[in-house]
Amino acid sequence: MKIAVAGTGYVGLVTGVCLASKGHGVTCVDVDEQKVEVMKQGVSPIYEPGLSELMKESMDHLTFTTDYESAYKDADVIFIGVGTPEKVDGSANLAFVYQVAKQIAASVQKDCVVVIKSTVPIGTNDKIESYIHDKQKHNVSVYVASNPEFLSQGTAVKDTLHASRIVIGADEEKPAEILKKVYQDFDAPKLVVGRRSAEMIKYASNDFLALKISYVNEIANLCETVGADVEEVTMGMGYDSRIGDRFLNAGIGYGGSCFPKDTKALSWLASFNDNEIRTIKAAIEVNDSQKFKLVKKARKYYDDFLFLNIAILGCTFKPGTDDLREAPSLVNVPLLLEDGAYLRIWDPVGQDNFKKQIQNKNIQYFDTIEEAIDGADLCLIFTEWDDVVKFDITKYEELMKTPIVLDGRNCYPLSAFEGTKTTYCSIGRKTVNDR
Ligand code: UGA
């Protein structure tokens, strides 16, 4: 099938590459000429495990262009995978989606299905369909279908090729049949539902996961007060298949481009329709304060951070990505700098992006964890990178001036620090070697 994909961010590019790997002829469209030139060379502009390799293997079926007209005019299916960022009031900004819809309306010369993959408020598919029908230049049949994305950054290729489910939101049989054909070689359950339900499945799924994390973070905070251990608690909970054992990792809150945005968007949508979605509002509130948990804990050890050398391990919102959006590091680093601390930052792939966001003469970057913690008065772990998890913990004591490790991602078993001189304080668990 001849497929066009609008937008080459995480969703668009991964979708395009995975569809091409199944033999479809895919043209990826982006407005950024520089990015398109890079992709034409078979190079992925984003860091995503497995993506570069699959892209290289599938180059025979992939075209990259800024010329949307040539990509859309005779496509059988056009995926829209552009961003829907958060507006100041928390609602979703649909400007990019409408811009693509306008280009589609001006370009299509053949019957086609426009598939909205971007996360959009419930009812958007209906509006986009009317918009295209109103504006289309040629008299052809354009159907609009919803096909929400469930990939996670860091495992995006695997999540797309081996999806938990493929949701097809279509109000007519024809677009549903065409989408089933597009995905015929994908080994995943395919669910055909109404368009509004498909749009809601996306928000309800993401917000449920965010809620689960905020819930477990509150349980963790309480565990600290009452002397329970959150890892033991979640292990006990996880055996119950009704609860499940995933997404129960306590920490310093969720970040990324999805949970923070999608919780606020659903909450906005609910109140706009005179409905309050109180559980999600609570999840947002809990997450906002959880992000500051480590710095709050640090104040127990130091009255202020003036002239302290603080090692920061990890700045991305999670491992396996160079993405910093809504990462806890972004709100904590300015706080520490304001207090006069010297920061020694290590992150295996996020450093360049971090440098673009926060410039300060009191920040130094290091290539190894050893260098970052050398002589430090305090070490804060914001991301559970494998290098951190597998790090020889005796080095904290050996290299730091004062070995105090505050771990926002529970990277180590408590037993690892027993018998050492390192103070190890994590989330929802007792502090080892407290001082
Ligand atoms: C999320 C969803 O997991 C995907 O299913 C969805 O498709 C995607 O959003 C999207 O809407 O595009 P993603 O944001 O890439 O994926 O990352 P997650 O792995 O879900 O992690 C999000 C945040 O939650 C991270 O900051 C992570 O550290 C945190 N988290 C996750 C926890 O604090 N505890 C957990 O147990 C799991």
Side-chain angles (χ1 to χ4, degrees), residues 1-7 11-12 14-16 18-27 29 61 68 71-82 84 94 97-98 100-151 159-205:
M1 244 186 253
K2 197 168 185 308
I3 293 177
V5 180
V11 171
V14 173
T15 302
C18 290
L19 289 170
S21 78
K22 298 289 185 188
H24 294 296
V26 179
T27 304
V29 185
H61 299 278
Y68 62 81
Y72 301 155
K73 69 174 184 210
D74 57 351
D76 299 302
V77 179
I78 305 168
F79 282 91
I80 302 182
V82 293
T84 51
L94 298 176
V97 176
Y98 272 95
V100 174
K102 191 174 171 191
Q103 294 169 343
I104 292 172
S107 312
V108 286
Q109 298 180 25
K110 187 179 141 185
D111 292 359
C112 66
V113 184
V114 172
V115 184
I116 303 190
K117 251 201 178 301
S118 310
T119 302
V120 291
I122 294 87
T124 303
N125 274 256
D126 296 359
K127 290 183 188 152
I128 293 289
E129 189 169 76
S130 312
Y131 181 85
I132 294 178
H133 288 173
D134 276 357
K135 295 218 167 341
Q136 71 187 77
K137 226 162 137 186
H138 298 273
N139 188 21
V140 291
S141 300
V142 181
Y143 301 95
V144 173
S146 165
N147 173 219
E149 185 50 68
F150 302 104
L151 62 82
D159 293 347
T160 306
L161 292 177
H162 309 283
S164 53
R165 73 285 206 198
I166 292 170
V167 172
I168 297 171
D171 290 347
E172 285 161 285
E173 219 175 297
K174 188 148 183 205
E177 288 311 312
I178 292 174
L179 267 176
K180 276 198 221 159
K181 235 168 153 183
V182 167
Y183 285 116
Q184 69 186 4
D185 292 332
F186 286 70
D187 180 27
K190 290 158 195 111
L191 272 83
V192 179
V193 298
R195 281 198 303 216
R196 286 176 181 245
S197 302
E199 292 169 324
M200 184 56 121
I201 287 172
K202 172 67 189 186
Y203 278 110
S205 301

inquiry  = To the closest 0.5 Å, what do you measure between CG (L161) and CG (L19)?
reply    = 9.5 Å
ask   = Once you round to the nearest 0.5 Å, how far does CZ of F186 lie from OG1 of T160?
value = 7.5 Å
key: Atom pair OG (S141) and NZ (K110), whose distance is rounded to the nearest 0.5 Å   = 12.5 Å
ask   = Quick one: does NZ or CZ of K127 land under 6.0 Å from the six-membered ring centre of Y131, within 45 degrees of the ring axis?
value = no
inquiry  = Could you measure the distance from the SG atom of C18 to the CG atom of L151? Nearest 0.5 Å is fine.
reply    = 8.5 Å
ask   = Heavy-atom count around D187 CG within 6.0 Å, excluding the residue itself: above 12?
value = no
remark   = Between V77 and M1 the two heavy atoms that sit nearest each other are CG2-SD, 4.0 Å
From CD1 (I128) to OG (S146), nearest 0.5 Å = 12.0 Å
key: Backbone N/O of V142 and side chain of Q136: donor-acceptor pair under 3.5 Å   = no
query = Do the side chains of C112 and I78 get nearer than 4.5 Å, heavy atoms only?
reply = yes
ask   = Do the side chain of E199 and the main chain of V120 share a donor and acceptor less than 3.5 angstrom apart?
value = no
task = Give a yes or no on whether the backbone of K2 and the side-chain of D76 come within a donor-acceptor separation of less than 3.5 Å.
result = yes
ask   = For the side-chain contact (heavy atoms from CB on, under 4.5 Å) test, which of V113, I116, V5 pairs with F79?
value = V5
Result block: side-chain N/O donor-acceptor pairs under 3.5 angstrom for residues 174-183, not counting sequence neighbours:
{"from": "E177", "atom 1": "OE2", "to": "K180", "atom 2": "NZ", "distance (Å)": "3.3"}
{"from": "Y183", "atom 1": "OH", "to": "N147", "atom 2": "OD1", "distance (Å)": "2.6"}

inquiry  = I'd like to check S118 versus T124 (side-chain heavy atoms, cut-off strictly below 4.5 Å). Are they in contact?
reply    = no
query = Y203 versus P121: any side-chain heavy-atom pair under 4.5 Å?
reply = yes
ask   = Got a donor-acceptor contact below 3.5 angstrom from the E149 side chain to the K117 backbone?
value = no
CD/E173: more than 12 non-hydrogen atoms of other groups inside 6.0 Å = no
task = Could you pull out the closest heavy-atom pair between A198 and V167, with the gap in Å?
result = CB-CG1, 3.8 Å
task = Before giving the answer on side chain to side chain contact (heavy atoms under 4.5 Å, CB included), spell out for R195 and V144 the whole-Å C-alpha distance, their side-chain angles and the decisive distance to 0.1 Å.
result = CA-CA 9 Å; R195 281 198 303 216; V144 173; 3.8 Å; yes
query = Within a strict 4.5 Å, meaning less than it, do heavy atoms of the F150 and I201 side chains meet?
reply = yes
ask   = Rounded to the nearest 0.5 Å, how far apart are NE2 of H61 and NE2 of H24?
value = 10.5 Å
request  = Indicate the atoms forming the closest heavy-atom contact of P148 with K202, along with that distance.
outcome  = CB-CB, 3.6 Å
query = Given Y68, which of V100, T27, I104, V29 fulfils the side-chain contact (heavy atoms from CB on, under 4.5 Å) condition?
reply = V29
